[in-house]
Every structure is written in C-alpha cells, then in structure tokens.
Amino acid sequence: KAKEQMGNSHCFFEKEWNSNTESKLSLTRKLRRALENDELLIYYQPKFQIASGQISGMEALLRWYDRDTGMMVPPKEFIPLAEESGLISSIGEWVLKHVCTQMKHWLEGGYPPLRVSVNLSPQQFQDDKFVDTVRRILQETGLSGEYLEFEITERVLMKNEETVHQVLRTFKEMGVFISIDDFGTGYSSLSYLKQFPIDVLKIDQSFINNITNDPDNASITSAIIQLAHNLNAEVIAEGVETEEQLHFLRDKQCDAVQGYFISPPVPPHDFAGVLKQHLV
Ligand code: C2E
Ligand code: MG
Ligand code: MG
Ligand code: MG
C-alpha cells in the first residue's frame with residue numbers, strides 16, 4: 001500500500017514538473033545569473049533569549065532581489081528550484097561565505113558574541129567537498145566555528161546515512177552548533193536525537209501559531225521543550241508573533257524565541273538598531 005501511495009505521489013510530482021517545465025527552466029537560468037550578478041542578499045532575524053532578555057544570535061535568511069521585476073522573490077519560490085537543479089551547492093557556498101564575512105566584521109566592530117545560524121539543504125550533504133568548503137570558508141574569513149550554527153531539517157537525519165553522521169561530527173569538532181529546524185513536522189523517529197550531536201531544537205512555527213487557543217499545539221510545544229531539556233539541548237520557538245505566545249513559552253521555560261514579535265528578518269545595516277533596542 002505504501003508503494004502504491006509513493007507511486008501516486010511520484011506521478012503527481014511528474015505532472016506538476018512537466019506543466020511547469022518551461023518556467024522552472026527559465027527561472028533556474030535567472031537564478032544562476034542572479035548568483036553571478038550579486039542579486040542575492042542575506043537578511044538577519046534576531047533570536048531573543050527569554051531569561052536574559054537579550055539577543056543571543058540571529059538566523060541568516062536568503063533573499064533574491066529580481067531586478068527584472070523589481071521584486072523580492074521569497075526563498076520558498078527558489079530554494080526548491082536550486083535544490084532540484086543542483087545550484088544549491090554554489091548558492092550554499094555563497095551564503096556561508098557572505099554570512100561568515102559579515103559576522104567577522106560585526107564581531108570586530110564590537111558586537112557582543114552572537115551566534116549566527118545558516119540553513120542547510122539535504123543536497124549539500126551529498127557534496128563530497130562540502131566539509132572542506134566549510135573549513136576553508138572559516139579559515140579564509142577568520143571566523144571561529146563557535147559563532148556559527150547550522151540549521152538542518154529532519155529530512156537530512158531521516159536517511160540516517162553514515163556520511164551525515166561523519167559530516168555532523170566534523171562540524172562539532174570545528175565548534176559549530178547543530179540545530180534541527182521545523183522540529184516536529186518531519187517523519188523520522190525520535191531515536192536519531194540520541195544518535196546525532198544535536199545542540200538546539202527549533203519548534204516549528206505551525207505549533208506556535210495558535211498555541212494559546214489550541215490545547216493540542218500547547219501540549220506538543222510543552223512536550224518538545226521538555227524533550228529538548230532532557231536531552232541537554234537548547235530549545236527555541238519559531239514564528240512568535242504575540243506577547244501571549246511569548247508569555248506561554250516563558251512559563252513553559254522555553255529558552256529563546258524568534259519571530260515578528262521581536263523583529264522580522266532585517267537587512268544587515270538595520271541589525272545594529274535591532275540590537276540596540278534589546279540592550280539593557
Ligand atoms: P526557516 O529556516 O524555517 O525560516 C523561518 C521562516 O519563517 C523565514 O521565512 C522567516 O522569515 C519566517 N518567519 C520568521 N518569523 C516569523 C513570524 O513571526 N511569523 C511568520 N509567519 N513567519 C516568520 P523565509 O525567510 O521566507 O524562509 C523560508 C525558508 O527558506 C526557511 O525556513 C528555510 O527553510 C529556507 N531558507 C532560507 N534561507 C536559506 C538558505 O540560505 N539556504 C537554504 N538551504 N534554505 C534557506
Ligand atoms: Mg531555519
Ligand atoms: Mg523553521
Ligand atoms: Mg522552514
């Protein structure tokens with residue numbers, strides 16, 4: 001039966017792909033040009049530590065400013081495309097280099113020791129040179145690994161491949177932190193949590209959304225917070241938009257929050273202002 005379902009979803013996928021082939025192809029071409037022409041940007045969204053009331057880090061979020069249309073293309077539109085076309089390796093490298101350079105610059109400019117997180121796609125783990133690329137970028141930019149965090153999804157851990165274990169262990173040796181993004185939305189069993197070196201669980205925003213009026217989401221969120229703490233991991237809630245949500249999470253002893261209530265993702269030159277707002 002499972003096979004039947006897989007077959008169906010495969011067909012569905014093919015149909016979707018075919019009907020969109022032309023636009024996808026031209027979009028992929030445009031994306032490659034965007035990478036070459038520096039039309040990609042990074043926005044930064046702060047992470048707020050509830051206990052200290054201070055910013056403890058930020059997430060780097062990729063943006064594409066399409067000059068043809070003068071519009072900002074959201075990552076949901078082009079990351080999947082980059083993943084399908086293989087362009088994600090080069091884009092991922094661009095992101096990491098850009099972020100590490102920015103972070104080094106900020107630290108030298110007197111910023112407190114914040115940690116910046118970068119999202120990784122599963123495909124990047126299939127690239128044999130990935131670890132070397134990360135090591136080289138840290139060396140070239142002079143950023144110490146302890147200021148860097150990689151956000152991976154359960155999709156990566158699901159395969160439970162030896163290479164993923166090895167890659168993550170190497171990152172740990174470099175001092176880099178590992179977090180699981182969109183936690184709770186994947187299909188994997190929980191057993192991987194003790195098999196992989198995980199530092200942070202990020203509770204998916206779909207649970208946080210209506211946390212204050214959906215008892216199921218409230219219990220799931222509480223359970224994830226306890227799970228994280230029992231595993232000696234940090235836990236952060238994504239998509240926090242209201243004060244009520246923040247209070248709920250504080251009461252449940254969630255470590256940190258990220259979301260519009262604190263700040264939306266902002267361009268780098270606006271980040272100093274965000275930091276200043278939260279300095280006591
Ligand atoms: P994500 O890593 O789960 O990032 C969180 C998303 O939630 C971001 O969307 C962020 O702008 C949005 N968000 C933050 N606070 C709130 C809130 O309070 N309410 C709501 N409704 N949304 C909020 P964004 O920037 O559009 O990114 C979407 C996804 O694209 C990311 O999800 C991530 O999976 C992917 N992505 C972004 N940058 C990169 C990148 O450099 N590399 C890779 N591989 N993926 C990336
Ligand atoms: Mg993320
Ligand atoms: Mg997320
Ligand atoms: Mg996501």
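Computed from heavy atoms alone, side chains included, the values below leave out hydrogens, waters and symmetry copies. Both counts, for ligands and for their atoms, begin at 1 and track the order of listing. We count residues from 1, following the sequence as given.
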Nearest candidate to atom 1 (P) of ligand 1, where distance is taken over non-hydrogen atoms, out of T242, I152, I208, D181 = D181
Cation over ring face, K172 and F177, 6.0 Å, 45° | yes
Are any of the N or O atoms of D182 closer than 3.5 Å to those of ligand 1?
-> yes
Check the side chains of K252 and Q226 for a donor-acceptor pair under 3.5 angstrom, ignoring hydrogens and angles.
-> no
Please determine if L62 has a nitrogen or oxygen closer than 3.5 Å to a nitrogen or oxygen of ligand 1.
-> yes
Nearest non-hydrogen atom to atom 37 (C) of ligand 1 belongs to which of L61, I42, I262?
-> L61
Establish, for the pair R63 and Y43, whether the NZ or CZ atom is under 6.0 angstrom from the six-membered ring centre and no further than 45 degrees off its axis.
-> yes
Which bit of V95 is near ligand 1, meaning a heavy atom under 4.0 Å away: side chain, backbone, both or neither?
-> side chain
Look at the aromatic rings of F78 and W64 and report parallel, tilted or perpendicular, splitting at 30° and 60°.
-> perpendicular
Has E146 got more than 12 heavy atoms of other residues, nucleotides or ligands less than 6.0 Å from its CD?
-> yes
Ligand-side contact atoms (ligand 1) for residue partner Q45, heavy atom cut-off under 4.0 Å | 14 (C), 15 (N)
In terms of its nearest heavy atom to atom 44 (N) of ligand 1, the top option of P122, A60, S121 is S121
Could you walk me through whether S117 and K47 pass the side chain to side chain donor-acceptor pair (under 3.5 Å) test, one step at a time?
-> CA-CA 10 Å; S117 65; K47 298 179 184 180; 2.9 Å; yes
Please find out if less than 6.0 Å separates the ring center of W106 from that of Y147.
-> no
Selected option - heavy-atom contact closest to atom 20 (C) of ligand 1, from M72, E241, K202 | E241
The OD1(D182)-the Mg ion (ligand 3)-OE2(E238) angle, to 10°, is 150°
Taking the Mg ion (ligand 2) as the apex, OE1 on E151 and OD2 on D181 give an angle, to 10°, of 90°
Taken to the nearest 0.5 Å, the spacing of R115 CZ from M58 CE works out to 11.5 Å
Atoms in ligand 1 with a heavy atom of G259 nearer than 4.0 Å | 15 (N), 18 (O)
Looking at E238, which atoms of ligand 1 are within less than 4.0 Å of one of its heavy atoms?
-> 3 (O), 5 (C)
Do any heavy atoms of Q258 fall under 4.0 Å from ligand 1?
-> no
Could you state the interatomic distance from CD1 (I203) to CD1 (I225), rounded to the nearest 0.5 Å?
-> 4.5 Å
So, does D182 use its side chain to make a donor-acceptor pair with the main chain of D204 at under 3.5 Å?
-> no
Report the angle formed at the Mg ion (ligand 2) by atom OD1 of N119 and atom OE2 of E59, rounding to the nearest 10°.
-> 90°
Given the rule in the salt bridge (Lys or Arg N to Asp or Glu O under 4.0 Å) test, do R135 and E140 qualify, once you have shown the distances and angles that lead to the verdict?
-> CA-CA 9 Å; R135 193 179 282 120; E140 282 173 4; over 6 Å; no
Decide whether an N or O pair under 3.5 Å exists between Y260 and ligand 1.
-> yes
Side chain to side chain contact (heavy atoms under 4.5 Å, CB included) test vs F150 passes for just one of N119, L96, D181, namely L96
Nearest candidate to atom 24 (P) of ligand 1, where distance is taken over non-hydrogen atoms, out of P75, S179, P74 | P75
Answer yes or no: does an N/O atom from Q124 fall short of 3.5 Å to an N/O atom of ligand 1?
-> no
Ligand 1 versus E83: contacting region, heavy-atom distance under 4.0 Å = neither
Assess R63 for proximity to ligand 1: is some non-hydrogen atom of it under 4.0 Å away?
-> yes
Which ligand 1 atoms does V240 reach within 4.0 Å, using its non-hydrogen atoms?
-> 18 (O)
